[in-house]
Amino acid sequence: TGLVSQLPPDQQPAVLDQALAAVTAATADFARASVLADLAPLLPPALLASALAVAKAIATDDDRARALTKLATYLPPDQRLAVLEQALSAATAIANDEKRAEALTELALGLPRDRRQVVFAAALAAATATTESPPSGRISSNAQAGALTALAPHLQPDQLEQALAAASVIDREADCALAIAGLTPHLPPELLEHGFVIAVAINDDEDREYALADMAADLPLQLLADAIDACPKNSTFAVTAILNRAFALTSPNARMDWVNLQRSAFRKSDRNACLNVIVSTASAIAEIGGETVVRACVNAIIDADDWWP
């Protein structure tokens with residue numbers, strides 16, 4: 001399909017017709033759905049109708065829903081809704097929670113606005129189903145984190161609360177961190193603080209650092225000192241993100257608060273971590289103290305290297 005768009009326009013329909021014939025002859029539902037999705041933006045109206053017939057004949061619910069959803073995007077408005085209804089019927093019938101959540105989330109965006117929230121709610125129900133190991137049909141923790149992240153921009157406050165509750169009980173801490181990080185930009189203040197508490201409680205240092213670093217850009221000023229305290233020893237990634245957030249929120253006449261926050265981070269860091277943080281926040285240091293302070297930092301680093309090899 002990638003070559004078709006490189007052909008002269010008058011040659012494309014014949015090649016697309018051949019490609020569609022090959023898809024029709026294919027026996028694997030996943031392959032048929034994938035190729036139909038790739039062909040969709042290239043098909044002229046006459047071939048779109050043929051492609052729809054092929055998509056409707058796909059036996060597997062998730063593959064049929066995926067193909068119909070993609071093809072519907074390129075249909076005239078007066079035909080689109082009927083095809084999306086067929087896709088919705090197929091998506092709702094998907095037994096696997098992970099695939100059902102993904103299919104429902106994707107097709108909801110094509111529906112009229114007054115229909116979307118019901119479908120997003122169904123996707124959320126699938127994404128927050130009890131986690132068990134595939135192939136049981138239940139959503140895995142990694143897929144759950146991805147599904148919650150994909151849904152987050154479209155959820156209402158009460159649904160975000162439900163999503164956050166599901167994220168908080170994900171057993172695998174790396175996936176819990178992913179879910180919290182994905183939800184954070186969309187959380188109202190009261191839920192953001194709850195999300196922060198969940199992130200701080202992550203035991204694994206690397207996973208906790210990832211969560212705090214990703215959350216930093218959305219944290220309020222009053223939580224940043226606690227965020228620094230929650231960073232693992234010798235953290236640079238999260239500490240830098242938190243200090244950058246603090247600098248953005250601190251008024252020029254309160255820059256010493258930022259300096260004190262940086263000092264707090266240094267107390268739990270070794271030399272390499274301190275140097276990395278200084279380099280990463282050099283522009284803030286220069287803005288606060290000018291050239292004099294930058295030179296003092298450089299001299300201090302040289303001195304430290306002399307007596308702390």
Side-chain angles (χ1 to χ4, degrees), residues 141-150 152-153 163-164 167-168 170-187 189 191-250 254-289 293-294 297-298 300-301 304-305 308:
S141 62
N142 184 260
Q144 186 175 38
L148 292 174
T149 297
L164 187 59
S168 71
I170 293 177
D171 288 337
R172 188 169 181 266
E173 290 194 321
D175 295 327
C176 176
L178 283 172
I180 297 300
L183 290 170
T184 292
H186 311 285
L187 297 176
L191 291 181
L192 179 58
E193 188 164 351
H194 183 203
F196 176 70
V197 170
I198 296 168
V200 167
I202 293 174
N203 289 312
D204 183 86
D205 284 349
E206 185 176 345
D207 295 333
R208 187 170 72 259
E209 178 166 25
Y210 170 83
L212 291 170
D214 259 35
M215 295 183 79
D218 296 288
L219 291 177
L221 188 59
Q222 65 268 24
L223 289 180
L224 296 181
D226 290 338
I228 288 288
D229 289 341
C231 287
K233 184 179 180 180
N234 298 325
S235 165
T236 57
F237 180 44
V239 164
T240 298
I242 294 164
L243 288 173
N244 286 338
R245 173 63 169 171
F247 191 80
L249 296 179
T250 305
R255 291 305 194 200
M256 281 306 300
D257 292 341
W258 184 87
V259 172
N260 290 332
L261 193 64
Q262 188 184 54
R263 287 173 176 164
S264 176
F266 286 165
R267 292 189 189 103
K268 56 192 301 186
S269 302
D270 63 16
R271 181 178 62 172
N272 286 338
C274 288
L275 291 177
N276 286 331
V277 171
I278 288 172
V279 170
S280 299
T281 59
S283 60
I285 294 170
E287 185 172 331
I288 292 172
V293 170
V294 172
C297 285
V298 172
I301 290 169
D305 190 60
W308 191 7

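What's counted below: heavy atoms across the whole structure, side chains too, no hydrogens, waters or symmetry copies. Nothing here was measured: the structure is a model prediction, and the numbers come from that model.
Contacts of F247 classified as ring pair (Phe, Tyr, Trp, His ring centres under 6.0 Å), with partners at least two apart in sequence or in another chain: W258. Residues passing the side-chain hydrogen bond (donor to acceptor under 3.5 Å, both in side chains) test with D205, sequence neighbours excluded: R208. Applying the side chain to side chain contact (heavy atoms under 4.5 Å, CB included) test to T149 and every residue at least two apart in sequence or in another chain returns nothing. Residues passing the side chain to side chain contact (heavy atoms under 4.5 Å, CB included) test with V259, sequence neighbours excluded: M256, R263, I288. Every side chain to side chain contact (heavy atoms under 4.5 Å, CB included) that N272 has, sequence neighbours left out, goes to D270. In this view, E206 satisfies the salt bridge (Lys or Arg N to Asp or Glu O under 4.0 Å) rule with no residue, not counting sequence neighbours.
What you find for L261 and A246 is that their closest heavy atoms are CD2-CB, 3.5 Å. Minimum heavy-atom separation, N244 to S280: OD1-O, 4.4 Å. Pairing each heavy atom of T281 with each of Q262, the nearest pair is OG1-NE2, 3.1 Å. When all heavy atoms are compared, the tightest approach of S235 to E209 is OG-OE2, 2.6 Å.
Atom CG of D257 and atom CG of L249 lie 12.0 Å apart (nearest 0.5 Å). In this structure, CG on L191 lies 15.0 Å from CZ on F196, to the nearest 0.5 angstrom. Separating the CG atom in N260 from the CZ atom in R255 is a distance of 13.5 Å, to the nearest 0.5 Å.
Identified under the ring pair (Phe, Tyr, Trp, His ring centres under 6.0 Å) test for residues 212-238, with sequence neighbours left out: none.
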Which side-chain N or O atoms in residues 171-186 pair as donor and acceptor under 3.5 Å with protein atoms at least two apart or in another chain?
unit_1	atom_1	unit_2	atom_2	d
R172	NH1	D175	OD1	3.0
R172	NH1	D175	OD2	3.1
E173	OE1	N203	N	3.3
E173	OE1	D204	N	2.8
E173	OE2	N203	N	2.8
D175	OD1	N142	ND2	3.0
D175	OD2	S141	OG	2.6
D175	OD2	N142	N	3.3
T184	OG1	I180	O	2.7

Please tabulate, for the side chains in residues 211-233, all donor-acceptor contacts under 3.5 angstrom to protein atoms that are two or more places apart in sequence or on a different chain.
unit_1	atom_1	unit_2	atom_2	d
D214	OD2	Y210	OH	3.4

